[in-house]
Amino acid sequence: MRSLKLASNLVLGLICTTSLIAAPVRAAVSTTRPSAEAASQPVGAVSMHIYVVEVKGLVQVRQAEDQPWFVASTNMVLSEGAELRTGPHSSVTCVIPPDQTFTLDRLGTVRVADAFRTGNKVKTDLLMKYGRTHYEIQSAGLEHEASITSPSSTLAVRGTTVSLYDQPPFVPLAISYTGRAKFTYNHNTVSVGTKHGSLAKALAGTDGAAETAVDETVVDPRYAASLTATDSALLATEVARGAVISYNPISGIPVVSGGRPAYDSELPQSLPGTLDLVLRWTGDADLALEVGVDIGNPQVVFLSQFTKSEFLYPGNGEQNSPSGGHIPYDDIGGPTGGEELAYWLGPHPSGLYGIGAQFISGVPTSYTFNIYEYGQPVEMFYFDSNGDFVKSTQMTSTLSAGEFGSAIAAVPDQSFFDGIVPNDPAGNPNPGINPSSFGPMVRELSMAKRLPSQNIAMASVAPQRVK
C-alpha cells in the first residue's frame, strides 16, 4: 500500500536527525590546490595532505567553496581549502602528518585555510564558522604556526592540545589541556594554560583562566531567574527521583543526571503540556530526544514526503521551536536510566510528528516513547523487531551504540489509520517502564530520595560535555 511505503521512507530516513542533504560518497578528494591559493604560499612551501581517519554520524566535505558537498568517509585525502561540516551527534577526525590531529564536533563547520610546510616550519590555520574544534599538536621536532580562527576569536596553538567552542549566541570558550595557548577575543589576548600544565579554560571577555575558574564556582542568578514555573516543577520532580541538576553554559540548558524515568503509572500525571512527547530509558546510557514536525493536515502529510517545519533538540539553541515547543533539560542518564520530554503548553500545530532517540554513550538499553495530547495517549507508527509497520500508544524497543530509534504520529490522532496500520503484536500499549524494569540493585537506587537540601539551586555551573 502506498501509504505504508511512504511511512516506511519516513521512519527509515530518520526524519528527526538532520538538515544535511545526502550526496554520493567519494573515497578521496583531489589534492590539487587552486592556483590562487598556491600563489599565496611562501617560496619553497610544500602543501600538506589532510587525511580523514574517523567519521561518526553525518559528515560532509567539499574541496572548495564553489564545489558540491559530498558525504565524508574514512581514508579520504583532502588538501588546503577543504571544508567539513557535521550534523547532530556527529564528528569527524582528521590527521595532518606527522604530528597534527583535529576533530570537529556536532553541528560545526571548519575549513583548512592553510596547511603547508617550509623546511622545518609548518603553518596550519583552521577557519571555524561555528561549532567546536579539538586540535592537538605533538611538536615532532617541527616549528609550528597554527591557529583556530572563528568569526569572533582566535586560538593560537603551540605544541599542545586545545579546544575552541564558538556557537552563537553563546560566548566563545577556549580550553588548553596540556600546554600553553593564546586566546584572542575583541582585540584582547590572554594566555590559556602553562607549559606542561594541566587543563585550563578561558571564556571570551574574561582576564583568562583564573577569572573563568572563579566564575564557574558561582551560580549565575540569571539562570535560576530564567526558569519558568513549569520547568522548575519538572526539575524538582527529577531531584525527588534522585537526580542531580547542573547547568551547561555551552549548550545553554539545565543538565539532569543520576535520576530515573517516570513509571507508567506516574507518567500521565507528571506531564505539563497540551502536547507532550516523552523518551524514557532504563539502562546506564545517555540518549538524546529529537522531535521533528511537518505542519499541515496529518492525512495529507502522511501521504507525501516529510518536510521538517520545526525541530527540537536538548540544547544549543534548539530547545525551543517557533510554535511554542520546548525541551526543558538535557538528561545525560545514570545507572537507572533517564527521561527527556518536549512539550507545548498552549496551542500546538496539527501535522505529522517524528520522535527520535539517538544513542550518545553508555550500554545498550531499553527505551520507551510516549505521546500525549490533552492528557490522552496518541498512537505512534513504527517498525517492530520483525520489520512490520505497526502502531501502539506506547512504543518500547532497545537501542545500542550507533543506532537511532524513531516513530511517527499524527496530531491530532486520526482514526483514518486504524484500518491501515495493524496493532503491534507486543501489545497496544506496549510494555513500558515499571519498578520491575530494573534489576534489584538498580531498583533500590532508583527509589532513593535526595536530602531536602539537594534542590535545584545548583552548587556549581561547571560545563558538562556537549552532545
Side-chain angles (χ1 to χ4, degrees), residues 1 3-16 261-271 273-283 287 289-294 298-299 301-303 306 337-343 348 350-359 364-400 403-437:
M1 185 174 294
S3 62
L4 293 184
K5 181 180 179 181
L6 289 169
S8 302
N9 292 335
L10 292 179
V11 179
L12 290 177
L14 306 182
I15 58 179
C16 302
Y263 301 140
D264 290 352
S265 59
E266 300 170 328
L267 186 62
Q269 292 76 33
S270 66
L271 299 177
T274 57
L275 178 66
D276 303 278
L277 297 93
V278 187
L279 164 66
R280 297 176 290 158
W281 66 97
T282 58
L287 306 186
L289 170 69
E290 296 185 357
V291 174
V293 188
D294 190 351
Q299 295 183 25
V301 172
F302 189 84
L303 297 173
F306 186 92
E339 176 180 317
E340 292 182 355
L341 75 155
Y343 68 83
H348 48 270
S350 296
L352 196 65
Y353 284 69
I355 181 171
Q358 177 71 36
F359 188 97
T365 180
S366 171
Y367 72 95
T368 298
F369 286 144
N370 294 89
I371 300 178
Y372 282 81
E373 185 183 27
Y374 299 110
Q376 299 300 313
V378 176
E379 284 188 323
M380 293 165 284
F381 311 99
Y382 53 91
F383 290 98
D384 65 9
S385 58
N386 296 320
D388 296 323
F389 194 61
V390 297
K391 68 178 186 292
S392 176
T393 56
Q394 182 165 264
M395 172 190 165
T396 300
S397 188
T398 58
L399 205 62
S400 301
E403 295 181 345
F404 184 91
S406 62
I408 55 176
V411 175
D413 208 351
Q414 305 285 304
S415 59
F416 166 79
F417 302 113
D418 290 344
I420 299 176
V421 183
N423 285 335
D424 190 337
N428 189 352
N430 279 188
I433 297 177
N434 297 288
S436 59
S437 304

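Although no hydrogens or angles enter the test, the distance criterion places a donor-acceptor pair under 3.5 Å between the side chain of Glu339 and the main chain of Ala262. A distance-only check finds a donor-acceptor pair linking the side chain of Asp424 to the backbone of Ala426 [under 3.5 Å].
If you take OG on Ser270 and OH on Tyr263, they are separated by 13.0 Å, rounding to the nearest 0.5 Å. We find the CG-OH distance between Leu267 and Tyr372 to be 5.0 Å, quoted to the nearest 0.5 Å. Going from atom OG of Ser406 over to atom CE of Met380 covers 11.5 Å, rounded to the nearest 0.5 Å. From Leu271, atom CG reaches atom CD1 of Ile371 across 11.5 Å, with rounding to the nearest 0.5 Å. Taken from CD in Glu340 to CG in Leu287, the straight-line distance is 8.0 Å, to the nearest 0.5 Å.
For Pro425, the side-chain contact (heavy atoms from CB on, under 4.5 Å) criterion is met by Asp384, Val390, not counting sequence neighbours. Taking the salt bridge (charged side-chain N to carboxylate O under 4.0 Å, His left out) definition, one finds that Glu266 meets it with Arg260, sequence neighbours left out. Shown here are the side-chain hydrogen bond (donor to acceptor under 3.5 Å, both in side chains) partners of Gln376, two or more places apart in sequence or in another chain: there are none.
The shortest non-hydrogen separation linking Thr365 to Gly283 is OG1-N, 2.6 Å. Scanning both residues, Glu403 and Gln358, for their nearest heavy atoms gives O-NE2, 3.9 Å. In terms of heavy atoms, Tyr382 sits closest to Ser392 at OH-CB, 3.2 Å. The shortest heavy-atom contact between Ile433 and Trp281 is CD1-N, 4.1 Å. The two atoms that bring Gly337 and Pro261 nearest to each other are C-CD, 4.3 Å, heavy atoms only. A pairwise comparison of heavy atoms in Pro412 and Ser350 identifies CD-OG, 3.6 Å as the closest pair.
With contacts defined as side-chain heavy-atom distances shorter than 4.5 Å, the pair Leu275/Tyr353 qualifies. For the pair Leu279 and Phe369, the minimum side-chain heavy-atom distance is below 4.5 Å. Residues Asn428 and Glu379 have side chains in contact (heavy-atom distance under 4.5 Å, counting atoms from C-beta outward).
Shown are Asn370, Thr282, Thr368, Asn430; of these, the side chain to side chain donor-acceptor pair (under 3.5 Å) with Thr396 is made only by Thr368.
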Show your reasoning for whether side-chain contact (heavy atoms from CB on, under 4.5 Å) applies to Ile355 and Met395. CA-CA 11 Å; Ile355 181 171; Met395 172 190 165; over 6 Å; no
